[in-house]
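A short write-up of the structure that comes next.
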2 protein chains.
Amino acid sequence: MPRGRPPAYTRDQVVTAAVTVADTDGLEAVTMRRVATEVGAGAMSLYTYVPDREHLIDLMVDRVAGEPVPPRVTGDWRADVLALLVMQRDLMRAHPWLPGVLGGRRLTGRNLLGFLEHGLRALEPAGLPGITKMTLLGLFTGFVASYVTGELTSDPALAAVDIGAAVTSGNFPFLRKALIEGGGGPLEFPAIADWMIAGLVEQARHQQKAG
Amino acid sequence: MPRGRPPAYTRDQVVTAAVTVADTDGLEAVTMRRVATEVGAGAMSLYTYVPDREHLIDLMVDRVAGEPVPPRVTGDWRADVLALLVMQRDLMRAHPWLPGVLGGRRLTGRNLLGFLEHGLRALEPAGLPGITKMTLLGLFTGFVASYVTGELTSDPALAAVDIGAAVTSGNFPFLRKALIEGGGGPLEFPAIADWMIAGLVEQARHQQKAG
DNA sequence: AATCTTTTTGGTACAACGTACGGGAAAGGG
DNA sequence: CCCTTTCCCGTACGTTGTACCAAAAAGATT
């Protein structure tokens, strides 16, 4: 039987509140005080459930990583990995703060490790060293993150450019032309993701043979 | 002739100091007070040269983007873009804070626009709509950033995983196997970057035809 | 020469942040 | 009934970005 005063909240509540705040008001709104208020607790009470803010973000990542149910692995590694990346993309679009916190983050938590496990299982038939498979999965996820970041900035490149400066001065003729001319819808994610998967795996095989 | 009290410092000095601080102590060490101290000015004096910290980071990005001299465009778009990406990678390794701040940032500044211009010029012979070219360049840069982030975390995947938890519990057999088995050197950047460039451009062409 | 106008300097100050500290509260075990 | 353990959370401190303003330093004007 547990001794001492029983907890009034749970770690899950805290993480859930943090994710909700991040989803609605962005990651910078995830302050200890704000999350505590959302939970209904005092600010310092959070530290019973979480060692610090950085760790809380780790938990947020692992939380949302547990939302989607990964599709069955069929044995067709190319299709299986593609399905995984499509899932990752959907996840990042549902939680726009996710791509931004993924870089360089330590992989902790059951769900995140589960993601990795699933990817490794999907890549198994491709026949590569384990470390190489992990490297590839990291590259894939990074690619998805940067693709989604582009998507979320609403119009990948156009909106991100200080158009006035570019077009006014005559110093950027190609940029000027690219901005003026229209055409060319957005690149479809599944197609380019599929290409990436096949291409990088093939590359890894080549380098394996050569090295 | 300029009226009023003459400035004691320059915007360039401020940005240089900020970049130096970021290079040596990381981006989180780039505080207004710290940069001001480095310059030799009072903290609030920085606001004469820079509207706020976020803008200062924009300027830092544009500053380092002006360091390398882009190689000549030869007309072989595949090789030209590859040279550009190799240059980007070197730049990010020299300034490890760079990959982390690139996501979703507005493209401002002569040097950054120059980068884009150079990429567009290199991609010109590939024959694609301007917007598509810009989207591709964004994807390329994102890929380089995530590759370098993996590199800088010292061992792409291995170090990033909480090994103990994975191997101890029997829940992650594939992960366990991947961690135990050795082999497979790191993927060589130029090779996979080259593959990406060729593959994505080809994909974009296909989608252009279909759409 | 004296004053006015314009611009930069940097000290003071404030709100918001993460979080260390510690006293009080709430439970079970003796 | 008290002791031990655990949790709650108010107070407080150091650090952050930056608003505000008086003082300083220059050219322009009289």
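Proteins get letters first, then strands, A, B, ... in listed order; numbering begins at 1 in each.
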Base, sugar-phosphate, or nothing: which does B:Ala8 touch, judged by heavy atoms less than 4.0 Å apart? sugar-phosphate
Note to self: Does atom CZ (A:Arg110) have a neighbourhood of more than 12 heavy atoms from anything else shown, all under 6.0 Å?
What the structure shows: no
Those residues at least two apart in sequence (or on a different chain) that pass side chain to side chain contact (heavy atoms under 4.5 Å, CB included) with A:Tyr47 are A:Met32, A:Met44
The complete set of ring-ring contact (aromatic ring centres under 6.0 Å, His included) pairs with one or both residues in residues 82-108 of chain A, sequence neighbours excluded, reads A:His95-A:Trp97
Taken in chain and number order and not counting sequence neighbours, the residues that satisfy salt bridge (Lys or Arg N to Asp or Glu O under 4.0 Å) with B:Arg34 are B:Asp25, B:Glu38
By salt bridge (Lys or Arg N to Asp or Glu O under 4.0 Å), A:Glu181 pairs with (sequence neighbours left out) none
Counting primed atoms, P, OP1 and OP2 as sugar-phosphate and everything else as base, the B/S/- map of nucleotides 14-23 of chain D against protein heavy atoms under 4.0 Å is --BBBBB---
Handout entry: Touch class at under 4.0 angstrom, heavy-atom based, for A:Gly4 against every strand present
Key = base
Exercise for review: Give a yes or no on whether a salt bridge exists between A:Arg176 and B:Glu117, defined as a side-chain N under 4.0 angstrom from a carboxylate O.
Suggested key: no
The helix from C:dA1-D:dT30 to C:dG30-D:dC1: angle between terminal helix axes, five bp per end, to the nearest 10 degrees, reads 30°
Those residues at least two apart in sequence (or on a different chain) that pass salt bridge (Lys or Arg N to Asp or Glu O under 4.0 Å) with A:Asp58 are A:Arg105
Those residues at least two apart in sequence (or on a different chain) that pass side chain to side chain contact (heavy atoms under 4.5 Å, CB included) with A:Thr48 are none
Residues passing the salt bridge (Lys or Arg N to Asp or Glu O under 4.0 Å) test with A:Glu188, sequence neighbours excluded, are none
Of B:Gly40 and B:Arg3, the one whose closest nucleotide on DNA chain C sits nearer the 5' end is B:Arg3
d(A:Leu123 CG, A:Asp80 CG) to nearest 0.5 Å is 9.0 Å
Per the under-4.0 Å heavy-atom filter, residues of residues 10-18 of chain B near DNA chain C come out as none
Outermost contacting nts on DNA chain C, any atom under 4.0 Å from chain A heavy atoms, listed 5' then 3', are C:dC17 to C:dG29
So side chain to side chain donor-acceptor pair (under 3.5 Å) across residues 191-200 of chain A, not counting sequence neighbours, yields A:Arg78-A:Asp194
Distance col, row A:Leu84:CG vs A:Trp77:CH2, nearest 0.5 angstrom, shows 14.0 Å
Smallest heavy-atom separation, A:Leu120 atom then A:Gly130 atom, equals CD2-O, 4.4 Å
*Quick one: is D:dC8 close enough that its OP1 or OP2 comes under 4.0 Å of any side-chain N or O from A:Thr48?*
yes
